[in-house]
Amino acid sequence: MCGIIGYTGKKDALDFLLDSMELLEYRGYDSAGIALTEERSADNSSQETKGVPRIMKCTGRVSELRKLCHEEKLSGSCGIGHTRWSTHGKVTVENAHPHRFGRVTLVHNGIIENAPALIEKYDLEGRLVSETDSEVAAAVLDHFYRKDPLEAIRKMTLKLKGTFGFAILFEDIPGKIFSVRNVSPIVVAGTEEAKILSSDVAAIVPFTNRYFVIPELSVAVLSKEDIELYDMAGEAVEIDWLTVDWDIHHSDKGGYPFYMEKEIMEQPRVIGETINAYVKEGKPDFGKEGIQDEILADCKRICIIACGTALHAGLVAKSLIQAMIGIHVDVVMASEFMYNDPVVDKETLVLAISQSGETIDTLEALKFARSCGSPTIAIVNVKGSSIAMAAEHVIYTLAGMEIAVASTKAYTTQLAVLYLLTARMALARKLWPQEKLGEYMKELLRVPEVIEGILARKEEIHHLADTMLNARDVFMIGRGLDYSILLEGSLKLKEVSYIHSEAYASGELKHGTIALITEETPVIAVVTQDKLKDKELSNIREVQARGAKVILLIKEEKEEQCENYWKIFYLPVMQDEFMVMPTSVVLQLIAYYVSADKGLDVDKPRNLAKVVTVE
Ligand code: F6R
């Protein structure tokens with residue numbers, strides 16, 4: 001989950017590293033650190049970079065580290081940096097990266113599972129200053145280092161169990177950064193001025209649009225002039241370059257106080273772009289992605305694997321596909337997938353949904369499904385990410401870079417792809433006449449404009465959010481698709497506002513949870529599905545009878561008498577199955593305003609990280 005950056009080039013690396021680390025902070029923000037090799041002219045010789053890297057690290061944010069580095073006048077043209085999300089060891093300066101052992105200085109993302117065994121094997125007890133598994137890896141690498149870095153790295157990787165992305169400096173090879181990875185991603189880029197590496201494409205975007213992902217268990221060597229790539233046998237490997245199509249300007253806040261607001265506001269555009277990318281002559285088309293109709297027509301069932309917000313997108317897809325295609329869909333939390341003896345086979349189409357494309361649980365579940373012979377499609381936002389590479393086919397959401405930890409535009413673009421995939425599946429199975437397809441596509445194409453309408457009412461939504469500022473708990477109730485929407489709305493609220501919030505299928509309330517309803521409890525009720533409206537309204541009356549203050553989000557055409565409700569928000573009318581889009585945006589804005597008005601760090605909620613690369 002940690003952020004990694006490395007720079008070797010013609011200029012001083014410090015500000016580049018710190019600026020990039022600020023961009024990467026969304027990966028972890030417990031502590032931050034940097035190691036820089038200072039430039040020194042060595043005895044009239046032309047060697048310009050020599051010596052032991054200087055390390056600066058601190059707990060807290062990169063802004064703290066920036067002050068420290070400037071106070072200490074840290075400089076140098078080759079360095080590595082790290083933003084930490086702690087796994088092994090508490091948040092302390094000692095546990096912050098980089099870690100130095102002997103001639104090796106490194107930063108690490110991942111988990112070395114056999115660190116305790118390695119401490120014993122290499123007699124490291126009492127010789128380590130931190131509690132981290134990463135320092136153990138540095139010690140093992142130093143143990144094997146005999147002036148041949150590739151050989152030492154090869155030997156170290158053979159000893160490590162777990163996941164890792166390393167950026168490594170050897171003190172007697174100044175100016176060069178070595179990198180190796182297993183599962184945890186590392187990307188590399190280069191220009192005339194410098195060569196850089198990062199855990200994340202986000203750090204590459206302001207620098208260049210051309211990059212490559214280090215293949216697993218290969219070693220990249222970056223010097224000021226060159227980038228080389230080697231396999232574990234030490235043979236040179238050809239580099240497979242990729243292009244980022246995110247605009248550099250999309251990585252700033254664009255005048256908004258937080259990325260989350262900016263990303264919410266971008267939704268009409270990015271949803272429109274995602275839909276248009278996969279529509280040809282009025283029909284959804286995934287031919288360019290190599291997805292033949294047979295894959296969609298022949299599967300007997302579907303299994304969706306994802307985590308968090310992406311999982312909630314999967315739940316919406318389940319409702320859609322079961323209703324429209326009539327085949328069974330399982331939606332499984334990727335983190336639980338392997339522990340429930342998963343049954344997937346050649347007849348199960350497996351969809352893996354992920355914004356980052358790096359969530360380890362989703363990745364492992366996907367690999368397992370492939371090993372069972374299941375056809376696999378990944379719906380991913382980050383190009384070239386591990387999940388995108390591991391799936392048989394990939395459909396990219398065109399959300400652009402999502403920086404706020406709470407996912408917004410990635411979720412709605414995932415939904416856009418899932419709506420399109422459902423329609424393609426209906427076509428592949430010859431279930432829909434032309435007319436039905438036309439109506440469905442027309443409604444889907446309206447989504448950006450309908451969301452524009454919601455965004456234009458943001459002040460009205462801000463007033464709804466005001467009512468929740470001092471709440472201890474917020475419940476959210478709905479049935480069917482409304483319940484799926486609320487699971488996501490509730491996750492958004494709790495993660496950015498720290499208010500305890502739960503979504504309940506409204507029919508379940510009286511089986512226990514209704515005991516928690518009091519006059520102090522705001523209840524958000526969503527009513528968008530015609531066939532469920534009467535039941536939903538009677539469930540709302542049940543909580544009102546227990547004193548709950550109900551904030552009702554209801555389709556405009558179903559005008560309810562305002563007096564019965566604490567607040568009411570009329571949603572624009574779309575066909576029922578599309579109501580998830582405008583409703584989700586209302587819930588995103590509620591969460592955003594509650595967090596911002598409480599003065600919280602909206603983009604970086606406590607304890608979280610954007611990319612979850614540990615199990
Ligand atoms: C919540 C959120 C998370 C992610 C989850 C999966 O706002 O962003 O719940 O959805 O960690 O991440 P990805 O989509 O990168 O696999």
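One-based numbering, in listed order, for ligands and for the atoms of each.
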Next item on the list: Pick, from Leu311, Ile379, Thr309, the option with the minimum heavy-atom distance to atom 9 (O) of ligand 1.
Entry: Thr309
Notebook entry, point to check: What protein heavy atom sits nearest atom 5 (C) of ligand 1, and how far away is it?
Noted result: Cys307 O, 3.6 Å
Next item on the list: Could you check atom 11 (O) of ligand 1 against the protein and tell me its nearest heavy-atom contact, residue, atom and distance included?
Entry: Val612 CG2, 4.0 Å
Next item on the list: Could you tell me which atoms of ligand 1, counted from 1 in the order shown, lie closer than 4.0 angstrom to a heavy atom of Lys492?
Entry: 1 (C), 7 (O)
Margin query: Under a 4.0 angstrom heavy-atom cut-off, which atoms of ligand 1 come close to Val405?
Written below: 7 (O), 8 (O)
Note to self: Heavy-atom pairs closer than 4.0 Å: do any link ligand 1 to the side chain of Glu358, the backbone, both, or neither?
What the structure shows: neither
Checklist line | Asn381 near ligand 1 by a heavy-atom separation under 4.0 Å | finding: no
Checklist line | Identity and separation of the nearest protein heavy atom to atom 15 (O) of ligand 1 | finding: Ser356 OG, 2.6 Å
Checklist line | Atom indices of ligand 1 within 4.0 angstrom of Thr359 heavy atoms, with elements | finding: 6 (C), 12 (O), 13 (P), 15 (O), 16 (O)
Checklist line | Contacting atoms of ligand 1, where contact means under 4.0 angstrom from a heavy atom of Ala310 | finding: 10 (O), 14 (O)
Note to self: Is it the case that over 12 heavy atoms from other parts of the model lie below 6.0 angstrom from the CG atom of Asp240?
What the structure shows: no
Check: Which salt bridge (Lys or Arg N to Asp or Glu O under 4.0 Å) pairs, counting each pair once, include a residue from residues 463-489, with sequence neighbours left out?
Finding: Glu488-Lys492
Notebook entry, point to check: Counting only heavy atoms not in Met333, do more than 12 fall under 6.0 Å of its CE?
Noted result: no
Check: With a cut-off of under 6.0 Å to the ring centre and 45° to the axis, is Arg457 in cation-pi contact with Phe569?
Finding: yes
Check: Is NZ or CZ of Arg606 both nearer than 6.0 Å to the six-membered ring centre of Tyr498 and within 45° of the ring axis?
Finding: yes
Notebook entry, point to check: Counting both backbone and side chain atoms, is some N or O of Ser354 under 3.5 Å from an N or O of ligand 1?
Noted result: yes
Notebook entry, point to check: What are the atoms of ligand 1, with element, lying closer than 4.0 Å to any heavy atom of Glu495?
Noted result: 1 (C), 7 (O)
Notebook entry, point to check: Short N/O distance, under 3.5 Å, between Thr362 and ligand 1?
Noted result: no
Notebook entry, point to check: Do the side chain of Ser179 and the main chain of Phe166 share a donor and acceptor less than 3.5 angstrom apart?
Noted result: yes
Item checked: Note, Glu508 side chain near Thr513 side chain (heavy atom, < 4.5 Å) -> no
Item checked: Heavy-atom nearest option to atom 14 (O) of ligand 1, drawn from Met260, His312, Gln355 -> Gln355
Note to self: Test your reading of the model: is there a side-chain donor-acceptor pair from Lys409 to the backbone of Ala399, 3.5 Å cut-off?
What the structure shows: yes
Next item on the list: Measure from the side-chain N and O atoms of Ser198 to the backbone N and O of Asp200, and report whether any donor-acceptor pair falls under 3.5 Å.
Entry: yes
